[in-house]
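Residue numbers start from 1 in every chain, and the chains themselves are labelled A, B, ... in the order their sequence lines are given, proteins ahead of strands.
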Number of protein chains: 2
Amino acid sequence: MDEKDIQILATIAREGTASPDKIEEAIGIPKSTVHYRLNQLRESGVIENDLYDIDLEKVGLSITLISEVWAEFGEGYHDTVGEKLADVEGVNQVYFTMGATDFVVIAHVANRESVESLVEDYESIDEIERTSSKFVITTVKDEPNPLNDFEIETLVETLTE
Amino acid sequence: MDEKDIQILATIAREGTASPDKIEEAIGIPKSTVHYRLNQLRESGVIENDLYDIDLEKVGLSITLISEVWAEFGEGYHDTVGEKLADVEGVNQVYFTMGATDFVVIAHVANRESVESLVEDYESIDEIERTSSKFVITTVKDEPNPLNDFEIETLVETLTE
DNA sequence: ATTGAAACTTGATCGTT
DNA sequence: AACGATCAAGTTTCAAT
């Protein structure tokens, strides 16, 4: 993970594609070199696969629900309970957090009925004590690629420190 | 957005690529047809562009911070304040929510110092009254493609209803 | 590890149904 | 709108550094 890798990753984020051609065009590193680096990054697990940025509204998953979930304490329960939450259909993100709240869960569903069953699914998990959910009115930002939030120079600075 | 579109979108999510070839291989729809459909989906804004699934730990952005942010009420403030939050370097998601909390903000940063400046940045926004942040200890699940949380049959059912 | 050029695979186009 | 055949464009490989 040197500066060249970060440049490539940042370009992928910015251009929205991992095409060696496009990356060469954007930052001047020959496409065969880019290809070589991309393979390294794949092998070392830094990047996983291609995917698509989908407009949830247009696809019909217009409801976003953010839930705080409290669970009993127990050996490795943040793993087992976390997995159970992750397995609920519609659940996109599961964070296990420090402090009073145990989990933060974000889910996308199509309609009100799905919201009901979602919360029921959470609360039917044995170790779960309590949940509290917020409806999202507007998604101001939802950037699938976190690197896109940074300037390339900032990234190179902070990540090579 | 008929069943065929949903099959294609679900395959993109599952296979992690939008390659017409791979999609034909997976569900048998000829790649020229897939190509045609993908163009439609692009034009209608359902899908935006390719991107990459990046391992934040490996890339060095190992700290995730979930913040609740309360703001003053004002004409269209959820837009303007939301944008200001979205512009803070490192901020990945900004949700404007119903109920007591106004915004939920998720950010990814490299180190403790960045956490400090992140929260400072939030609180330096004029309309912001109060913030409360949680550290994420473990990211149990963070699926960039929401469609990947569903079975194809479920999707076809719920989205064509 | 890098790269220019060659080989090959794939995505995009076209014409027909 | 669907799709098989064709073409153009891209990715991947290779040999030399």
Closest listed nucleotide, where the reference is the side chain of B:Pro30 and the choices are D:dG4, D:dT11, C:dA5: D:dG4

Taking C:dA12, D:dA1, D:dC3 as options, the one with an atom nearest any side-chain atom of B:Gln40 is D:dA1

Under 4.0 Å: is that the gap between some side-chain N or O of [X] and OP1 or OP2 of [N]?
X: B:Tyr36; N: D:dA1; answer: yes
X: B:His35; N: C:dG11; answer: no
X: B:Thr33; N: D:dC3; answer: yes

Going by distance alone, is a donor N or O of one side chain under 3.5 Å from an acceptor N or O of the other, for B:Ser124 and B:Asp121? no

Between the base of D:dG10 and the side chain of A:Ser19, is there any donor-acceptor pair under 3.5 Å? no

Nearest 0.5 Å please: distance from the [atom1] atom of [X] over to the [atom2] atom of [Y].
X: A:Thr131; Y: A:Glu120; atom1: OG1; atom2: CD; result: 11.0 Å
X: A:Ile106; Y: A:Tyr95; atom1: CD1; atom2: OH; result: 5.5 Å
X: B:Glu3; Y: B:Glu153; atom1: CD; atom2: CD; result: 10.0 Å

Could you tell me how far apart [X] ([atom1]) and [N] ([atom2]) are, to the nearest whole angstrom?
X: A:Glu3; N: C:dT2; atom1: CD; atom2: C1'; result: 17 Å
X: B:Asn39; N: C:dG11; atom1: CG; atom2: P; result: 13 Å
X: B:Glu24; N: C:dT9; atom1: CD; atom2: P; result: 16 Å
X: B:Arg42; N: C:dG11; atom1: CZ; atom2: C1'; result: 10 Å

A:Lys22 near the nucleic acid: base, sugar-phosphate alone, or nothing, with a heavy-atom cut-off under 4.0 Å? nothing

Check every strand shown and say whether A:Asp21 touches a base, only sugar-phosphate, or nothing at a heavy-atom separation below 4.0 Å. base

When B:Ala18 and A:Lys4 are each assigned the nearest nucleotide of DNA chain C, the 5'-most assignment goes to A:Lys4

